[in-house]
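A short write-up of the structure that comes next.
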Amino acid sequence: MDKFWTYLGGVIGGYTLVQAPLSSFGLGGLEPVLDIVGALSMIVFGAVLIVNGVRALIKK
């Protein structure tokens, strides 16, 4: 159960990276890079959550 919260935190962190308004801080040039990192983070951690859920269902 502890891993669930870690992976969920990774998905939420990726979403936050994608939605972060950096232009107000003068870091608008980093926005495309953080969008890619955030999207990859959401994909990877979301896939891990799905795989772990399926494994838990099969195990029971």
Side-chain angles (χ1 to χ4, degrees):
M1 186 68 177
D2 292 332
K3 288 183 182 181
F4 170 78
W5 294 111
T6 303
Y7 297 142
L8 186 64
V11 172
I12 292 170
Y15 180 76
T16 304
L17 283 175
V18 170
Q19 296 298 322
L22 296 176
S23 58
S24 61
F25 296 112
L27 299 173
L30 290 177
E31 212 161 325
V33 174
L34 291 180
D35 284 347
I36 292 170
V37 170
L40 287 175
S41 172
M42 287 189 289
I43 291 169
V44 168
F45 284 109
V48 170
L49 278 173
I50 292 170
V51 168
N52 283 344
V54 169
R55 289 176 71 192
L57 285 174
I58 292 173
K59 200 176 204 182
K60 287 187 175 182

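Values below: every heavy atom of this structure, side chains too, minus hydrogens, waters and symmetry copies.
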Verify same cluster id: [X], [Y] (apolar side-chain graph, 4.5 Å):
X	Y	answer
F45	V51	no
W5	L49	yes
I50	V44	no
L27	V37	yes

What's the shortest heavy-atom distance between L34 and L17, and which atoms?
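What the structure gives for the nearest pair is O-CB, 3.9 Å.
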Between L22 and E31, what is the shortest heavy-atom contact and its length?
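For L22 versus E31, the nearest heavy atoms are N-OE1, 4.1 Å.
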Could you tell me whether the side chain of S41 and the main chain of G13 form a donor-acceptor pair under 3.5 Å?
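No, because the side chain of S41 does not come within donor-acceptor range (under 3.5 Å) of the backbone of G13.
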Out of curiosity, N52 CG to Y7 OH, how far, rounded to the nearest 0.5 Å?
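Atom-to-atom, N52:CG and Y7:OH are 5.5 Å apart.
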